[in-house]
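A quick note: this is a predicted structure, and the numbers were derived from the prediction, not measured. Here, residue 1 is the first one in the sequence, and each next residue gets the next number.
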Amino acid sequence: MARSEELQISTAKRAYRNAKEEGNRQEEARWANVIGDILKNRGEYVEALKWFRIDYDVSNKYLPEKQLLPTCQSLGEVYLRLEQYKDALIYQKKHLDLAKDANDLVEQQRASTQLGRTYHEMFLKSEDDHYSVQNAKKYFKSAMKLAQTLKENPPNNKSSFLKEYIDAHNNIGMLEVDLDNLDEALKFLAKGLAICDEEEVVEDDDGRSRLHHNLGNVYMELRRWAKAREHTEKDIMICKRIGHRQGEAKGYINLGELHYRVQRYDEAILCYQKALDLAKSMEDEDALVAQIDQNIKTVKEAINVMNDLKKEEQNLKKLKRNMVIAKGTPQERKFLLLQNSCLDCLIEKSAMIFAWLKHREFAKRKKRIASELCDKEKLSDAFLVVGESYQKLRDFSKAIKWYTKSWEGYKSIKNLEGQALAKINIGHVLDCNGDWTGALEAFKEGYRIAVEAKLPSIQLSALENMHYSHMIRFDNVEEARRLQLEIDKLKQSKVEELDEKHIATDCCSETDTEGDDHCSDDMSSACLEVLRKSGSNGSVPLAASGESNDDLPLISLIRPSKKSPKDKTTDTANNNISKEPDETSPKSLSKSTSNQQTVVGRKRVRLVLSDDEGDVPHEVECSARRLHKRPVDFAASDEFTRKISPASSDDKLQDTSPVASRSPSRPCNLINIEESTCSYKSVGNRTVSNGKNTRSLSNAEVVIGSDYADSASKCDINASENLLHRYNSPLKLQATDNEVDGCMEFKIDDNKINVAVSSFMAADKISIEPLKVELACLYYLQLPVEKRSKGLLPIIQNMECGGRPLESIENLDSLRNHLMNVSVDVLINGWIQKRLMKLYIDSCKELCETPNMKLLKKLYVSEVEDEVNVSECELQDISVIPLLNALHTHKGVALLDLSHNLLGNGTMEKLQRFFSSSGQKYGDLTLDLHCNRFGPTALFQICECPVLFTRLEVLNISGNRLTDACGSYLSTILEKCRALYSLNIERCSITSRTIQKVADALDTESVLSQLFIGHNNPISGNAISSLLGKLAILKRFSEFSLNGLKLSKTVVDGICHLAKTSCLSRLMLEGTAIGTDGALRLTRSLFSSTQEPLKLDLSFCGVASTYIYELNTNAIFISGILELHLGGNPIMQEGGNALSSLLLNPQCCLKVLNLKKCQLGMAGILQIVHALAENESLEELNLANNADTDKRLGILYCKPANSSESSQPNHIVSEPSLNPCSSKEFDELDPNYNKLEVADSEDDEVRVETAASGFNDSSASSCQRRNSTLECQFIQELSIAIGLAKQLQVLDLSNNGLSVQASEALYNAWSSGSRAGLSWRHIKDQIVHLSVEGNKCCRLKSCCKKD
């Protein structure tokens, strides 16, 4: 117990005793409630209940009835957390009745929220509680309406009821998740987050954390890993900063679940260990601790399964080699059967650990083997498995295609069991895809066939899915009750005996027994063992744990059947038969709790390490009844998740306890759904759900020497740092089932380092320099302590793959041929000392922190160690400490760039101490802190640091929410920091008050030469005019930004005056709406006297073509402008003519010209590019968004029917994310998400290969046949013009309707001549960026570009 908490408790108890002795009943009750709140928020629910009962008894006996409102709420909340729902409902309903009697809308809203939470939890724990789900909907909707009413008409000025309104969106969103309506859930949760942003809710808000938590769960279910990770990390960080340990623990559980889902088991265990430490630090969280322990066991079992899978893959490779020898001999069929059995094991293993891409690969191989065996039943089985793969990958159209093929195959051989299973699976897919009516019809048809074939288990599966549809989808209570009676009746019958008879007579395929004996013993026994284990915990695979274990061969395939929402854990298949667990299938088989028979579970539940899936352990085994209600978010893997189910429900329903469906130990993870403000609002315990955040292994795992090994388990896992500490073993930066990427082994001396291919491929090219940097860092980290002591890092010179220089390998396809075959030999050409890197790594070791790989790379490439650039390293107040300690030892710093991180005021305090103690009292200092989370008091630290008064020259604090509270600090900085010549305070939420203070602080002695105040609002014309007056007296002022501020005529006059009196070299007026006249007046003023070359930004200012004509008439204008930004202005084609003339003028010295969204039309684009043939100055040209979509030359240049990025995989360069917390690694784990996937069939593969061949002569001729000659001629002319523009280094033609093939043709022209060997492209969808090495597109955010 923290000392402050002890003090609070003791103070409250003393006040309680005094009130009791004095007979002051009101104070006695109040202090009892306060004590209960403190204990509740500390997780001591039983003790809290005792004090709330005292409060209730005193209030009930001695106080007015209204005083019972907060007491009833507190009791209802604690009973809910203890999962004593009947008692919770008693007090919550009394709370609501009292609030209605008092006509108190505030308390009605709170009571409705709590009732909704309780009914929601009851729904999650029940099998078919339609009453609970209806009531949950009713009370949550009522709470939202009341919150909206209170928000619009607050009863007083003390509360805006914004928080309650946001929480209402969260609660309804979570209910939709549990009903498996992911799109609806996403809509409500995203709206809640949007409201937070619109209303400027602080970042560290518990309501935001719940929204991020639940959005992470939803995105995880949608397999959008990067989004899931982003929201989970935000959830964890918010909980950490606000001291909400339970929420932080659940966030780490979700993060572990996310790692588990993508087979990153080491990171999953680290996350669970962190969650376990947090859970153990709280009272009354035994269930949460037990759940986490179970999750860790589950992950360890998954590791064993993965190892078995790898062994079996080797066995499969041997069989394939033997097959080549046996081809055409009597042994051929034997080896085919052996391969089939081996593939069955591999399919089942991959399903158990959610490796759906592997699952699809093995399923398609099984399909080919079945075709060669000419066994129609095995072929239909294979179709069914392929369909499941696509279903789990959420490619529903392809899942339907393969399930339909399976159904047709079974029908052709009159296999009723297979037909029934296929129909049920089709129903699952239709349900997931929103076709509820079609799904119900498919379930009915499956049931009809199962009845005809006398298959009780499949009948049960179909009935449960029908029950789910009627109860959840159609709200048909009567029909749902009728079906429940049939389900109960069927369960009571002797299903096992009937199934055994059926198996004996009707289950064997003609080849079923021919090859089964050959499946590696290890494998099959391992499969069964794991399944049995999981079964015991609730994660049993279909039919894995009951008498009917060896039942129907196909029954396991039914797994895909719809699971109950709670059950999102998939049933993993029958021990040896079913190879597909059903993770996403709408209703999946779940075993009846009574007899363990395989039955169809209701709607799938989400697999979350926490609640959801947890519950439904093996969907099958998990009580099938729990029908769609998923506990809250559940566990890690289909089967495994079920085991886990106990504690992880994290649908952060504000205070919702996640209940794992069958797990008695499941904690009541309440998420402070919407705790009323009157009761101590505990930061909701979120039910743990699927982890959303995962660290990307591909570029973040750092394996360090043995000295880190011991501390790895203690390390605080920073959700945003993608490093895995696993030292003493070769570094492996990838752990996924991605079929596309793979891993390459690099050999440096005697050390081997494995690196994911995706980490050094950009588009279809190998990025050699970034790879060298990564290898150098990883190699250094593997060195023993004594060798690292000097801080010498290797300089990588050559890398050879199979005797060929790595640089000579043309593209990804060529590289794949070398994967896993040979290692890349790396030659070290020398050593370079990086003292700061060594100090940072040593500091990480001392603090038991994992080194940040992004930061290490930044330090390695830095040429001057006094210039520290660690931008975009996902640093936070905790993870930045090792760097600051290293800087303290390093001493001298001339530039410190911490931009685009997640740093707050705590870091600024540490920086102030660092600078004060550094002893460096002179020397220029640049401090770049833009785009972090600093508040106004961050500037106070600068004001309190005398060292900075003489050193600070550049301060960039833009993109931080400083507000007007920073005004006095800025004024002090301008007055005391006499060396300050550049100040950037854009996007800081400041208004006229602060601008006026800035103006007042300026005097003639100031050396300020650069000031950026754009994108702040509202700033009045008077404040800007006052500032302009002060700037006019400065001797050195040269750069000014007013971007995004609407300027009046008076202000424009003031700028013109400033232009005449100062020697401006850069003026940025984007979005200021000064119009053509204002622009002309300003330009004339700028060049009214001797003027240095000017950079002028008039984007989105309402400037017309008249302005361009005026520029052409004045030689001074033409020769005086270096950069001209006119984007977003209606220049039109007429202006294009004038621009063409300007570029042809030999006096033109333009280096950068931005004409984005200028309505030039395709003809205007061509005309401007043509002019560059004779222009020797222009280096960057932006012509994006200029095609007239109505009149343009339909540039369908050689565009195939499905022209898209996927047909040109080698040409894709993904655009860097602007979000420092986001990463692409998780989306890369699932190519299916972006629809870049392998073809379904051999015919499809041929089509893909043809499409991938790109633009060739045949496609050109077909283009001429399909499109007009004019269109092809346009591309040809544009290509020629691009080839002649020799000086151009960057060209942006995005969003002009160009097809991928047309873009590639333009790139071919771009890469010729002087740019040969240096050219670069970024072509994706409608993005068309052409650039050169050293000046690549998208390399910097606009806010980070420096002159």
Discussion item. Taking side chain to side chain contact (heavy atoms under 4.5 Å, CB included) as the criterion, tell me which of Ile942, Asp928, Asn984, Thr926 meets it with Leu955.
Written reply: Ile942

Worksheet item: Are Lys854 and Lys857 close enough, and set up right, to give a side-chain contact (heavy atoms from CB on, under 4.5 Å), and what steps lead you there?
Response: CA-CA 5 Å; Lys854 291 181 180 179; Lys857 291 179 185 179; 5.9 Å; no

Worksheet, complete the sentence: Taking every heavy atom of His888 against every heavy atom of Ser917, the minimum-distance pair comes out as CE1-OG, 3.1 Å

Fill in: Validation row: Ile1282, Leu1293 side chains within 4.5 angstrom (heavy atoms)
yes

Discussion item. Run Glu1304 and Arg1321 through salt bridge (charged side-chain N to carboxylate O under 4.0 Å, His left out) and show every step you take.
Written reply: CA-CA 9 Å; Glu1304 288 300 326; Arg1321 70 177 175 278; 3.4 Å; yes

Worksheet item: Looking at Asp924 and Glu953, what are the two nearest heavy atoms and their distance?
Response: OD1-OE2, 2.9 Å

Worksheet item: Between SG of Cys931 and CG of Asn960, what distance do you get to the nearest 0.5 Å?
Response: 7.0 Å

Item to complete: Flag yes if more than 12 heavy atoms outside Glu1176 fall under 6.0 Å of its CD atom; otherwise flag no.
Response: no

Worksheet, complete the sentence: Here the gap from Leu859 atom CG to Cys777 atom SG, rounded to the nearest 0.5 Å, amounts to 8.5 Å

Worksheet entry | Shortest non-hydrogen contact between Val893 and Arg951, atoms and distance | O-NH2, 2.5 Å

Fill in: Point-to-point distance, once rounded to the nearest 0.5 Å, from NZ of Lys358 to CD of Glu313
4.0 Å

Discussion item. Using side-chain heavy atoms (C-beta onward) and a distance below 4.5 Å, is Leu781 in contact with Leu856?
Written reply: yes

Discussion item. Would the distance check show the side chain of Lys772 and the main-chain N or O of Gln797 forming a donor-acceptor pair, the cut-off being under 3.5 Å?
Written reply: yes

Worksheet item: Parallel, tilted or perpendicular: which fits the ring planes of Tyr779 and Trp831, with parallel below 30° and perpendicular above 60°?
Response: tilted

Practice prompt. Please tell me if the side chains of Ile828 and Asp749 come closer than 4.5 Å, counting only heavy atoms from C-beta onward.
Written response: yes

Item to complete: Step by step, work out the side-chain contact (heavy atoms from CB on, under 4.5 Å) result for Leu887 and Leu836.
Response: CA-CA 7 Å; Leu887 289 173; Leu836 186 56; 4.0 Å; yes

Worksheet item: Just by distance, do the side chain of Ser871 and the backbone of Ser899 share a donor-acceptor pair under 3.5 Å?
Response: yes

Fill in: Test log, rule side-chain contact (heavy atoms from CB on, under 4.5 Å), inputs Leu771 and Met799
CA-CA 10 Å; Leu771 175 58; Met799 294 181 284; 3.9 Å; yes

Worksheet item: Does a side-chain heavy-atom distance below 4.5 Å link Asp897 with Val870?
Response: no

Worksheet item: Does a side-chain heavy-atom distance below 4.5 Å link Thr907 with Leu875?
Response: no

Worksheet item: So, Glu1123 and Arg1066, do they make that salt bridge, N to O below 4.0 Å?
Response: no

Practice prompt. Would you check if the side chain of Asn956 reaches a backbone N or O of Ser958 as a donor-acceptor pair within less than 3.5 Å?
Written response: yes

Worksheet entry | Modelled atom types, side-chain donor and acceptor of Ser1294 and Asp1292, under 3.5 Å | yes

Worksheet item: Do other residues, nucleotides or ligands put more than 12 heavy atoms under 6.0 Å from the NE2 atom of His890?
Response: yes

Discussion item. Just to verify, what does Ser982 make a side-chain hydrogen bond (donor to acceptor under 3.5 Å, both in side chains) with, not counting sequence neighbours?
Written reply: Gln1010

Fill in: Contact check, side chains of Ser843 and Glu849, non-hydrogen atoms, under 4.5 Å
no

Worksheet item: Quick one: are Leu903 and Asp877 in side-chain contact, heavy atoms under 4.5 Å?
Response: yes

Response to the item:
Distance col, row Glu867:CD vs Leu896:CG, nearest 0.5 angstrom, shows 11.0 Å

Worksheet item: Do Leu793 and Met837 touch side chain to side chain, with heavy atoms closer than 4.5 Å?
Response: yes

Discussion item. Minimum heavy-atom separation for Glu865 and Gln833, please, with both atom names.
Written reply: OE2-O, 4.1 Å

Discussion item. Once rounded to the nearest 0.5 Å, what's the spacing between atom CD1 of Ile269 and atom NE2 of His259?
Written reply: 11.5 Å

Worksheet item: Where do Cys945 and Phe915 come nearest, in terms of heavy atoms and distance?
Response: SG-CB, 3.8 Å

Worksheet item: Are any side-chain N or O atoms of Asn901 and backbone N or O atoms of Cys873, one a donor and one an acceptor, separated by less than 3.5 Å?
Response: yes

Discussion item. Main chain of Leu1330, side chain of Tyr1307: is a donor-acceptor contact present, judged purely on distance under 3.5 Å?
Written reply: no

Practice prompt. Could you grab the distance from atom SG of Cys844 to atom CG of Leu839, nearest 0.5 Å is fine?
Written response: 11.0 Å

Fill in: side-chain contact (heavy atoms from CB on, under 4.5 Å) assessment of Arg933 paired with Gln876
CA-CA 9 Å; Arg933 294 178 175 175; Gln876 295 154 14; over 6 Å; no

Discussion item. Testing the basics here: between Arg835 and Thr889, what is the closest heavy-atom pair and its distance to 0.1 Å?
Written reply: NH2-O, 3.6 Å

